[in-house]
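To find a chain, count down the sequence lines: A is the first, B the second, and so on, and within it residues start at 1.
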There are 2 protein chains.
Amino acid sequence: MIDHESSTPVYRQLADILAARIKSGALANGRPIPSEVQLQQEFGVARGTARKAVAALRDAGLVHTVMGKGTYVGPAPKRPG
Amino acid sequence: MIDHESSTPVYRQLADILAARIKSGALANGRPIPSEVQLQQEFGVARGTARKAVAALRDAGLVHTVMGKGTYVGPAPKRPG
DNA sequence: TACCATTTGTCCGTATGTATG
DNA sequence: CCATACATACGGACAAATGGT
């Protein structure tokens, strides 16, 4: 899980965990990843840290975010389908 | 259209679009503007967002609303008839 | 009278975006 | 990095008002 004593930032640890779940297929393409609130509960981090982890995944092109709905595995589709 | 990536809120973008249509005369005085359902279909926003845009126009004095009927360009007449 | 479709009004829950300390 | 607060947005459900059948 998360090691708060590690020199690796917590948000980076969480981003790596989620990236691994995506690569393994545990989080399938097109499916939503856990919400920020769920992440903060599951991993015991603040919401701001969960957001930063998700932002890292987004910058890496692994997920896309829709405000008011959630964050989904894969790139954003042009057509809402 | 609506830019969900913009820093300007969606409801504000929609309000500006409708205000421009009013100023240009595309939506003439006394005529109804599109219903909330039509707005959410045409612009791909939630009804709550469409409502907030219309409320902004109402606060600006550009339109007036009649429950059960619709929202019309211009101020509310004191006595309809 | 009773429906029925349309439209606005309200409330709820959930999720992301931003800002401050 | 945590905690809090508020803004913005989506989605659903139901109530109230209007006008027509």
For the side chain of [X], counting heavy atoms from C-beta on, which of [options] is nearest?
X	options	value
A:S35	C:dT16, C:dT8, D:dC10	C:dT16
A:E36	D:dC2, C:dT16, C:dG9	C:dT16
A:M67	D:dC10, C:dG17, C:dA15	C:dG17

Using whole Å, report how far [atom1] of [X] lies from [atom2] of [N].
X	N	atom1	atom2	result
A:I33	C:dA15	CD1	C1'	12 Å
B:L39	C:dT6	CG	P	16 Å
B:H4	D:dT8	NE2	P	15 Å
A:D3	D:dC1	CG	P	12 Å
B:Q40	D:dA9	CD	C1'	13 Å
A:Q13	D:dC1	CD	P	8 Å
A:F43	D:dC2	CZ	C1'	18 Å

Opposite nucleotide pairing with C:dT14, Watson-Crick or G-U, both atom distances under 3.5 Å: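 WC or wobble partner is D:dA9.
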
Tell me whether the side-chain N/O atoms of [X] come closer than 4.0 Å to OP1 or OP2 in [N].
X	N	value
B:R51	C:dT8	no
B:Y11	D:dA9	no
B:T71	C:dT7	no
B:K69	D:dA17	no
A:K52	D:dC1	no

Practice prompt. Check whether any side-chain N or O of A:S24 sits under 3.5 Å from a backbone N or O of A:A20 as a donor-acceptor pair, and report yes or no.
Written response: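 Indeed, once roles are kept as given, a pair shorter than 3.5 Å links the two residues.
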
Is the side chain of B:Q13 donor-acceptor paired with the backbone N or O of B:D3 at a distance under 3.5 Å, no angle test?
->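 Yes, B:Q13 side chain to B:D3 backbone: donor-acceptor pair under 3.5 Å.
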
Margin query: Using only modelled atom types and a 3.5 angstrom limit, is any donor from either the side chain of B:R47 or the base of D:dG12 paired with an acceptor on the other?
Written below: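 Side chain to base: no pair present.
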
* Touch class at under 4.0 angstrom, heavy-atom based, for A:G70 against every strand present ->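 Counting heavy atoms under 4.0 Å across all strands, the contact made by A:G70 is with sugar-phosphate only.
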
Mind checking if A:V45 touches a base, just sugar-phosphate, or nothing, with heavy atoms under 4.0 Å?
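A:V45: backbone/sugar contact only, no base atoms under 4.0 Å.
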
Q) So do the side chains of B:V10 and B:F43 get within less than 4.5 Å of each other, counting heavy atoms only? A)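 No, every pair of side-chain atoms sits at 4.5 Å or beyond.
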
Evaluate the side-chain proximity of A:V54 to A:I33: yes if any heavy-atom separation is below 4.5 Å, no if none is.
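A side-chain contact under 4.5 Å exists here.
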
Counting only pairs under 3.5 Å, give me each side-chain donor-acceptor contact of residues 62-72 of chain B, with atom names and distances, residues two or more places apart or in other chains.
{"unit_1": "B:H64", "atom_1": "ND1", "unit_2": "B:G74", "atom_2": "O", "d": "2.7"}
{"unit_1": "B:H64", "atom_1": "ND1", "unit_2": "B:P75", "atom_2": "O", "d": "3.2"}
{"unit_1": "B:T65", "atom_1": "OG1", "unit_2": "B:R58", "atom_2": "NH1", "d": "2.7"}
{"unit_1": "B:T65", "atom_1": "OG1", "unit_2": "B:T71", "atom_2": "OG1", "d": "2.8"}

